[in-house]
**Q** 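Following this message is one structure expressed as structure tokens.
First listed ligand is number 1; within each ligand, the first listed atom is number 1. The basis for the numbers below is simple: all heavy atoms, side chains too, and nothing from hydrogens, waters or symmetry mates.
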Amino acid sequence: MKFTLLKTCPITGARAGILETAHGIIETPVFMPVATKGSVRGVPWETIENLGAEIVLGNTYHLHIRPGEKFIESVGGLQKWSGWQGPYLTDSGGYQVFSFARRGKAKITDKGVTFKDDLAGNTHHIGPTESMNIQKSLGADIVMAFDHCPSGDATREDVDLAVERTFDWAKQCMEVELKSHQNLFLIVQGGRYEDLRERSLEQLISLDSPGYALGGVSVGETREEVDKVVKAHAKFLPKHKPRYLMGVGTPRDLTVGISSGIDMFDCVLPTRLSRHGSFYGETNKVVSVTQKSFTENSEQPLVPGCECTTCKRFSRAYLKHLFLRSELTVYHYLSVHNFHTLIQLTKRMRKAILEDRFPQFCVEANLVF
Ligand SMILES: [Zn+2]
């Protein structure tokens with residue numbers, strides 16, 4: 001993997017770069033659609049390609065439980081199995097197993113997390129070495145370190161422990177030899193405690209991995225706390241390596257992240273919103289397709305002027321009708337608009353960075369950074 005930094009905005013620190021992987025080139029900053037089980041919910045790969053996505057994210061936990069990494073490896077790895085030929089990133093599985101622990105359904109020790117699979121009833125253990133071996137079999141281009149991700153309201157003591165564990169586990173992750181095309185990203189922890197974040201940052205940078213992520217910034221913290229962490233710490237991540245902000249990706253969060261020097265984002269919101277009949281409206285605020293002002297004769301598209309295939313073809317009234325009648329196609333159409341909004345916003349910001357007009361672009365587009 002090769003990361004080339006093309007331009008940095010001297011006022012904000014926003015960056016534009018190119019990330020070359022074995023399965024394709026990614027122009028950064030980039031928004032990554034989430035393909036939890038090896039598919040983006042309700043949106044076929046052809047559409048994901050047409051929307052301009054350059055990399056997708058698969059969830060290690062889900063793929064490990066079903067169909068299992070050994071099976072996926074036996075049929076040629078994630079790309080071959082799922083049919084997405086471009087780059088993949090897999091998370092470590094940590095986020096899911098720690099959320100089990102928060103609900104009292106898993107046990108955390110220095111070795112990792114032990115939990116029960118609700119469906120089959122089997123007991124599983126995932127620690128740093130297990131996570132690396134699973135991700136090695138899955139074969140994604142970018143694999144994430146197994147980190148200890150405490151909840152947003154964890155005590156200082158708990159967060160301190162999570163930072164030390166994350167460091168220990170990062171070292172164990174680095175000991176596992178991955179496939180030649182794979183690259184490990186380490187995840188900075190420390191919650192809302194500035195000194196702990198700084199310590200985590202220093203510890204992980206000393207390990208010199210191919211990329212870094214800011215973790216633990218969307219597990220219950222307030223928006224202000226997340227902004228503060230991103231603005232304060234992104235700039236200290238290694239300059240010539242890709243920087244990833246995990247699980248964050250509303251239009252507003254993308255603006256804050258990109259203007260703070262983050263290169264990669266992922267978020268489940270585009271498809272989750274559509275399942276609730278919601279979409280990114282004219283001012284990038286979330287709007288419900290069922291709202292009263294969308295009357296039966298409303299011929300307007302979701303967002304006037306939007307170039308997505310949904311807005312070019314359908315009226316608000318028609319989409320509202322589909323949603324109220326539970327017609328499955330509506331989830332697809334709304335997802336297309338939501339992905340288009342985030343992917344095109346990211347691409348427009350990239351262009352503005354390359355053309356030395358990023359702060360001006362944000363002001364004109366009414367984006368606060
Ligand atoms: Zn649209």
Side-chain angles (χ1 to χ4, degrees), residues 26-27 29-36 39-57 84 86 248-258 264-352 361-369:
I26 302 156
E27 295 186 333
V30 67
F31 178 80
M32 304 183 280
V34 178
T36 300
S39 170
V40 179
R41 226 173 221 199
V43 189
W45 290 130
E46 302 88 89
T47 310
I48 293 294
E49 280 156 12
N50 292 338
L51 282 161
E54 293 163 48
I55 173 171
V56 299
L57 183 149
W84 168 260
V248 167
T250 65
R252 182 196 164 281
D253 294 340
L254 282 173
T255 313
V256 172
I258 290 173
M264 301 164 73
F265 304 85
D266 78 283
C267 192
V268 294
L269 272 178
T271 49
R272 184 176 289 169
L273 286 175
S274 70
R275 289 201 295 284
H276 292 97
S278 298
F279 64 95
Y280 292 117
E282 269 174 271
T283 54
N284 286 329
K285 290 251 158 61
V286 174
V287 176
S288 170
V289 79
T290 60
Q291 66 175 274
K292 275 203 183 122
S293 63
F294 291 5
T295 61
E296 281 172 14
N297 347 319
S298 178
E299 286 174 18
Q300 292 251 30
L302 293 175
V303 171
C306 176
E307 291 286 311
C308 84
T309 52
T310 298
C311 288
K312 277 192 190 159
R313 189 161 191 169
F314 307 115
S315 67
R316 293 169 177 177
Y318 175 67
L319 294 165
K320 181 177 180 176
H321 160 81
L322 293 184
F323 186 75
L324 292 176
R325 312 281 104 72
S326 304
E327 275 296 331
L328 297 180
T329 46
V330 73
Y331 307 117
H332 173 85
Y333 297 142
L334 293 175
S335 293
V336 165
H337 169 81
N338 291 337
F339 276 125
H340 175 89
T341 303
L342 297 177
I343 292 171
Q344 289 309 313
L345 176 65
T346 309
K347 286 185 189 292
R348 277 171 23 231
M349 286 202 256
R350 182 178 197 272
K351 193 164 179 276
F361 169 82
C362 291
V363 172
E364 283 165 11
N366 218 5
L367 297 163
V368 182
F369 59 83

**Q** Enumerate donor-acceptor pairs with a distance under 3.5 Å from any side-chain N or O in residues 276-286 to protein atoms, sequence neighbours excluded.
**A**
{"unit_1": "H276", "atom_1": "ND1", "unit_2": "R272", "atom_2": "O", "d": "3.0"}

**Q** The criterion is side chain to side chain contact (heavy atoms under 4.5 Å, CB included); which residues satisfy it with T47, sequence neighbours excluded?
**A** V43, P44, L51, H332, V336
**Q** Can you tell me how far CZ of F339 sits from OG1 of T271, rounded to the nearest 0.5 angstrom?
**A** 5.0 Å
**Q** If you measure from CE on M349 to CZ on F31, what distance do you get to the nearest 0.5 Å?
**A** 11.5 Å
**Q** Check for me: within less than 2.8 Å of the Zn ion (ligand 1), which protein N/O/S atoms show up?
**A** C306 SG, C308 SG, C311 SG, H337 ND1
**Q** Flag yes if more than 12 heavy atoms outside R252 fall under 6.0 Å of its CZ atom; otherwise flag no.
**A** yes
**Q** Can you name the side-chain hydrogen bond (donor to acceptor under 3.5 Å, both in side chains) partners of D253, sequence neighbours left out?
**A** T250
